[in-house]
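Read through the structure below, which is laid out as C-alpha cells, and then see the notes.
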Amino acid sequence: QVQLVESGGGLVQAGGSLRLSCVVSRSTLNYYAMGWFRQAPGKEREFVATISGSGGITRYADSVKGRCTISRDNAKNTVFLQMNSLEPEDTAVYYCASRTAVNIGTIPSLFNYWGRGTQITVSS
C-alpha cells in the first residue's frame, strides 16, 4: 500500500517561512509527478504547486507564485515545498499527492495517492 506522509507544518507569524516535506513509501513513484494542494475550512481543496517526475518542470498557483518553491529528491523518495513570506490567507491543511504519470497536474482528480495532510496556521 502506498503511503504519503507530510511533515513540517505548524504555527508561524505572517512573513515567516516553513518547509514542508512529503515522504513516499513506494520508490516506484519516484519518477511520477507530485503535487501540493491545500484546503482551508469551508473551502474546496485547491492547487498549490506541482513538479514533474524528473523535477525539471514545475508550476505554481498564482496565489503562491514567487513565494513557494517545490522540489524533489528522488533518492530519498521525498518532495518538498518551501514557503516564504507566509500570509494569514495561507492558513490551511496542506496535502501531498502523487500521480501515476510523469506529467504535472493541477487538478486533484489527476492524482492517485494522497497524504493525510499537515496544518499550517499563519497568524497576523
Side-chain angles (χ1 to χ4, degrees):
Q1 185 175 355
V2 177
Q3 287 188 322
L4 282 69
V5 180
E6 303 97 335
S7 63
L11 174 63
V12 63
Q13 289 187 335
S17 298
L18 284 174
R19 189 192 197 202
L20 304 184
S21 299
C22 173
V23 178
V24 183
S25 65
R26 182 183 290 179
S27 62
T28 51
L29 294 180
N30 277 352
Y31 298 96
Y32 289 143
M34 301 287 294
W36 286 95
F37 293 79
R38 67 186 181 185
Q39 188 166 16
K43 295 187 177 181
E44 293 187 353
R45 192 167 298 190
E46 66 174 3
F47 165 72
V48 177
T50 183
I51 187 167
S52 64
S54 67
I57 299 172
T58 59
R59 185 172 294 175
Y60 300 91
D62 288 343
S63 58
V64 303
K65 197 174 296 183
R67 300 189 296 119
C68 289
T69 302
I70 187 171
S71 60
R72 66 191 300 161
D73 184 341
N74 286 344
K76 297 182 178 180
N77 302 350
T78 304
V79 176
F80 305 96
L81 184 69
Q82 177 68 43
M83 302 186 70
N84 302 322
S85 302
L86 283 162
E87 304 167 351
E89 293 73 23
D90 295 317
T91 295
V93 177
Y94 284 72
Y95 297 92
C96 173
S98 174
R99 298 195 67 191
T100 53
V102 298
N103 297 325
I104 60 173
T106 61
I107 302 171
S109 61
L110 293 176
F111 290 78
N112 305 89
Y113 301 104
W114 291 82
R116 293 188 175 184
T118 184
Q119 174 75 44
I120 290 180
T121 302
V122 184
S123 63
S124 57

Pairs flagged by disulfide (SG to SG under 2.5 Å) wherever residues 53-124 is involved - sequence neighbours left out: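 Applying disulfide (SG to SG under 2.5 Å) to every pair that reaches into residues 53-124, excluding sequence neighbours, yields Cys22-Cys96.
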Please name the residue in the list Leu18, Leu20, Thr69 that meets the side-chain contact (heavy atoms from CB on, under 4.5 Å) test with Leu81.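 Of all the options given, the one that passes is Leu20.
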Report the residue from Val24, Thr78, Ile51 that forms a side-chain contact (heavy atoms from CB on, under 4.5 Å) with Arg72.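 Exactly one pass, corresponding to Ile51.
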List the steps and the verdict of side chain to side chain contact (heavy atoms under 4.5 Å, CB included) for Gln82 and Ser71. CA-CA 8 Å; Gln82 177 68 43; Ser71 60; over 6 Å; no
Could you see if [X] belongs to whatever hydrophobic cluster contains [Y]? Use Ile, Leu, Val, Met, Phe, Trp, Tyr and a side-chain cutoff under 4.5 Å.
| X | Y | result |
| --- | --- | --- |
| Val48 | Met34 | yes |
| Phe37 | Ile107 | yes |
| Tyr113 | Val93 | no |
| Met83 | Val12 | yes |

On a heavy-atom basis, which atom in [X] and which in [Y] lie closest, and how many Å separate them?
| X | Y | answer |
| --- | --- | --- |
| Trp114 | Leu4 | C-CB, 4.2 Å |
| Tyr94 | Glu6 | O-OE2, 4.0 Å |
| Ile70 | Tyr60 | N-OH, 2.9 Å |
| Phe47 | Thr106 | CB-O, 3.3 Å |
| Ala33 | Val102 | CB-O, 3.6 Å |

Using modelled atom types only, decide if a donor and an acceptor are shared between the side chain of Asn112 and the backbone of Thr100 within a distance under 3.5 Å.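 The answer is yes, because a donor-acceptor pair under 3.5 Å joins these two groups.
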Donor-acceptor check, side chain of Thr50 to backbone of Gly35, threshold 3.5 angstrom: yes or no?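 No; judged by distance alone, with no hydrogens or angles, the pair does not exist.
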To the nearest 0.5 Å, tell me how far [X] [atom1] sits from [Y] [atom2].
| X | Y | atom1 | atom2 | answer |
| --- | --- | --- | --- | --- |
| Ile104 | Arg59 | CD1 | CZ | 4.0 Å |
| Ser52 | Arg99 | OG | CZ | 11.5 Å |
| Ser63 | Asp90 | OG | CG | 7.0 Å |

Against the six-membered ring of Tyr95, is Arg45 placed for a cation-pi contact (under 6.0 Å from the centre, within 45° of the normal)?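 Flagged: Arg45 positioned over aromatic ring of Tyr95.
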Check: residues 117-124 side-chain donor-acceptor pairs under 3.5 Å, at least two apart:
| from | atom 1 | to | atom 2 | distance (Å) |
| --- | --- | --- | --- | --- |
| Thr118 | OG1 | Gly9 | N | 3.2 |
| Gln119 | NE2 | Ala92 | O | 3.4 |
| Gln119 | NE2 | Thr121 | OG1 | 3.3 |

Only counting residues at least two apart or in another chain, list the ones meeting salt bridge (charged side-chain N to carboxylate O under 4.0 Å, His left out) with Lys65.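 Partners of Lys65 under the salt bridge (charged side-chain N to carboxylate O under 4.0 Å, His left out) test: Asp62.
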Atom CG of Leu11: over 12 foreign heavy atoms under 6.0 Å: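 It does: Leu11 CG has more than 12 such atoms within range.
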Can a salt bridge be assigned to the pair Glu46 and Arg38 using a cut-off of 4.0 Å between side-chain N and carboxylate O?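 Here Glu46 pairs with Arg38 in a salt bridge, since their nearest N and O are under 4.0 Å apart.
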